[in-house]
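The model shown is predicted, which means the values in this text are computed figures rather than measured ones. Order of the sequence lines fixes the chain letters, A, B, ..., with proteins taken first and strands second; residue numbering starts at 1 for each chain.
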Number of protein chains: 2
Amino acid sequence: MDAADQILPDAPRGAAPLTVEEFRDRLAEITDDLPRRLRQCADFIAANTDRIAVSTVAELAAGAEVPPSALMRFCQILGFSGFSEMQKLFREAYAPGFPDYSTRLKNLKNGGAGSPSALLGEFIEAGRLSLEALAKSADEAALAHAVQVLSGAATVHVVGLRRAFPVATYLAYVFEKMSVPAMLHDGVGKLDHRFALRPGDAVLAITFAPYSEETIALAQDAHDRGLPVVALTDRLTSPLARTADAILTVPEVDFGAFRSLSATIAMAIALAVAVGSARD
Amino acid sequence: MDAADQILPDAPRGAAPLTVEEFRDRLAEITDDLPRRLRQCADFIAANTDRIAVSTVAELAAGAEVPPSALMRFCQILGFSGFSEMQKLFREAYAPGFPDYSTRLKNLKNGGAGSPSALLGEFIEAGRLSLEALAKSADEAALAHAVQVLSGAATVHVVGLRRAFPVATYLAYVFEKMSVPAMLHDGVGKLDHRFALRPGDAVLAITFAPYSEETIALAQDAHDRGLPVVALTDRLTSPLARTADAILTVPEVDFGAFRSLSATIAMAIALAVAVGSARD
DNA sequence: CGAAAAATGGAATAAATATTCCAAAACGCG
DNA sequence: CGCGTTTTGGAATATTTATTCCATTTTTCG
């Protein structure tokens with residue numbers, strides 16, 4: 001036949017991934033049936049996707065322990081015209097958005113620290129960063145487990161003091177609206193209401209460094225009595241980790257001395273609403 | 001004299017910054033006394049530091065609106081041998097957060113309608129949208145005015161109930177930390193503590209539709225007695241508008257029945273911190 | 001105003017980097 | 001085992017990108 005029939009079998013032209021996500025899908029899709037050297041490329045690229053934007057063909061090839069030409073072929077198999085086109089995707093996808101945080105903080109201290117609008121801008125930014133970090137780091141399995149634990153409880157005891165108190169009150173509000181039996185431990189009058197914990201109940205404890213004595217004590221107490229404890233805290237190394245059956249961490253960005261709470265509240269509402277729905 | 005005396009005055013060799021921190025310091029240090037074109041380079045680089053790792057000389061030069069040679073000179077003034085050496089610093093420090101935020105968010109949301117992760121994704125998005133809307137719509141004059149009113153108060157009375165209560169408690173916390181005399185009106189025991197309003201005090205009232213009777217009543221009472229009222233609410237047509245001396249509105253995006261509160265809290269902290277600073 | 005110094009822009013060159021090509025090796029299959 | 005096919009490595013080439021150099025312009029200062 002004529003030239004038109006000489007179709008290249010495994011290099012579909014015009015099928016180059018347009019987003020990082022498409023790229024990953026395509027990579028996963030082809031990795032399995034690839035000859036040895038190209039497989040090495042695929043594995044290395046999958047493990048080092050983030051370095052594509054800032055590396056040369058030679059560097060990546062060396063990392064994957066293949067000659068540069070193998071890496072070129074690999075790019076073409078993915079649908080790109082060559083390495084440069086592939087790199088372009090990652091260079092453009094890298095949308096910074098955040099000129100790093102510590103620098104801005106310094107600028108603010110030096111500059112017009114007094115201006116309320118500047119402060120507002122910083123707190124907005126801290127909130128945004130917190131939410132983005134939460135999106136990236138959220139542990140879906142831990143969340144699902146926490147929902148399961150709380151859904152089975154007769155009454156949910158919510159405890160969080162000082163800076164965590166706003167979160168606790170909001171949780172109490174949402175639980176009430178969703179008809180979930182819940183009790184807010186607010187420490188009013190130094191009454192600890194510890195006797196209120198009944199078999200079948202569960203505790204939702206919220207605390208961040210520096211951790212509140214009272215919150216940890218209540219969680220410990222519940223744990224000792226065999227009640228399940230869900231912790232909403234800042235680190236896996238939090239003192240709640242020992243007593244908790246499910247632990248949810250939220251990466252919260254502080255600005256100055258104050259926590260934005262955005263991420264914590266997002267997590268709290270999601271948890272409460274999920275529990276509310278699960279109980280129906 | 002001989003060749004050794006021909007020292008280049010403003011290109012200190014071997015003084016290249018070794019970290020991003022050092023780079024920024026050096027940049028800030030020299031920016032002020034730089035001729036026009038080099039100043040343009042400095043300004044553009046300062047604002048786009050994060051793009052250095054993934055750009056070419058030509059791209060950056062175009063961005064700064066200078067010829068490539070000007071940018072080369074700029075690199076050398078900073079102490080680098082050339083652009084490549086400078087870029088190397090940023091390529092090594094380069095650590096993008098993969099998987100990127102929007103991809104990850106999509107994944108969370110696709111976790112099955114009603115699943116906890118999907119809910120979390122929605123609340124994160126609602127929070128982020130709220131913050132962005134606030135960044136765009138914030139009324140600087142109103143904020144500055146509110147700060148001024150509260151700074152002059154002997155005691156700040158914070159009132160906010162139901163869904164606004166978390167914000168009120170957080171404000172009380174921040175005021176306490178900043179040594180601003182403040183009183184939280186929490187409605188415990190249906191005691192309204194109205195008598196606590198003294199001449200020279202001010203009220204900070206927080207409420208959203210559907211507005212709380214008690215909050216509006218307290219604001220009205222204060223207004224009738226000639227005390228200044230600052231309102232943190234959702235619309236300019238809020239019932240607080242009549243009684244308030246300063247009115248701050250926050251555009252909050254709901255998901256389902258629940259408010260994300262991110263924007264409200266950002267505004268609240270900014271207000272509280274600004275007031276705290278102003279009183280010193 | 002005029003001379004000296006500094007700064008600038010662009011063209012020329014050097015270096016790095018990507019890409020192609022093809023001969024050699026490995027593989028699959030009758 | 002031997003023939004056709006696929007895969008591989010590296011050398012050759014093309015392209016992009018960085019860097020230097022110098023004639024021209026602008027600024028500085030006596």
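- Taking atom CZ on B/R73 and atom P on C/dG9, their separation rounds to 8 Å, with Å as the unit.
- Picking from D/dT19, D/dG10, C/dT8 the nucleotide with the shortest atom distance to the side chain of B/P35 gives C/dT8.
- A salt bridge does not link B/R26 with B/E22: every distance from a Lys NZ or Arg NE/NH1/NH2 to an Asp or Glu carboxylate oxygen is 4.0 Å or more.
- When distances are taken from the side chain of B/T56 to each of D/dA18, D/dG9, C/dG10, the shortest belongs to D/dA18.
- Listed nucleotides: C/dC21, C/dA7, D/dT19. Nearest to the side chain of B/F83: D/dT19.
- A close approach under 4.0 Å does occur between a side-chain nitrogen or oxygen of B/S84 and OP1 or OP2 of D/dT19.
- In this structure, A/F80 and A/F23 have tilted ring planes: the angle between them lies in the 30° to 60° band.
- Computed from coordinates, the A/L71 CG to D/dG9 P distance equals 12 Å when rounded to whole Å.
- If you measure from atom CZ of A/F80 to atom P of C/dT20, you get 15 Å, rounded to the nearest angstrom.
- The pair B/R128-B/E125 meets the salt-bridge criterion, with a side-chain N (NZ, NE, NH1 or NH2) lying under 4.0 Å from an Asp/Glu carboxylate O.
- B/L60 places a side-chain heavy atom less than 4.5 Å from the side chain of B/F83.
- Between the CG atom of B/L60 and the P atom of D/dT17 there is a distance of 12 Å, rounded to whole Å.
- OP1 or OP2 of D/dT20 sits under 4.0 Å from a side-chain N or O of B/Q76.
- When the C1' atom of C/dT20 is taken as reference, atom CZ of A/F74 falls 19 Å away, rounded to whole Å.
- The interatomic distance linking B/R39 (CZ) with C/dA7 (P) rounds to 14 Å, in whole Å.
- Atom CD in A/Q40 sits about 13 Å away from atom C1' in D/dT7, given to the nearest Å.
- Looking at the side chain of B/M72, the nearest of the listed nucleotides D/dA18, C/dG9, D/dG9 is D/dA18.
- Ranked by how close their nearest DNA chain D nucleotide is to the 5' end, B/Q87 and A/P68 are led by A/P68.
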Notebook entry, point to check: Can you list the steps and then say if B/Q76 with B/R73 is a side-chain hydrogen bond (donor to acceptor under 3.5 Å, both in side chains)?
Noted result: CA-CA 5 Å; B/Q76 288 165 354; B/R73 266 194 298 273; over 6 Å; no
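- When each of B/G82 and A/S69 is assigned the nucleotide of DNA chain D with its nearest heavy atom, A/S69 is the one assigned upstream, toward the 5' end.
- The side chain of B/V57 sits closest to D/dT19 out of C/dA18, D/dT19, C/dT19.
- Atom C1' of nucleotide D/dG9 and atom CZ of A/R36 are separated by 12 Å, given to the nearest angstrom.
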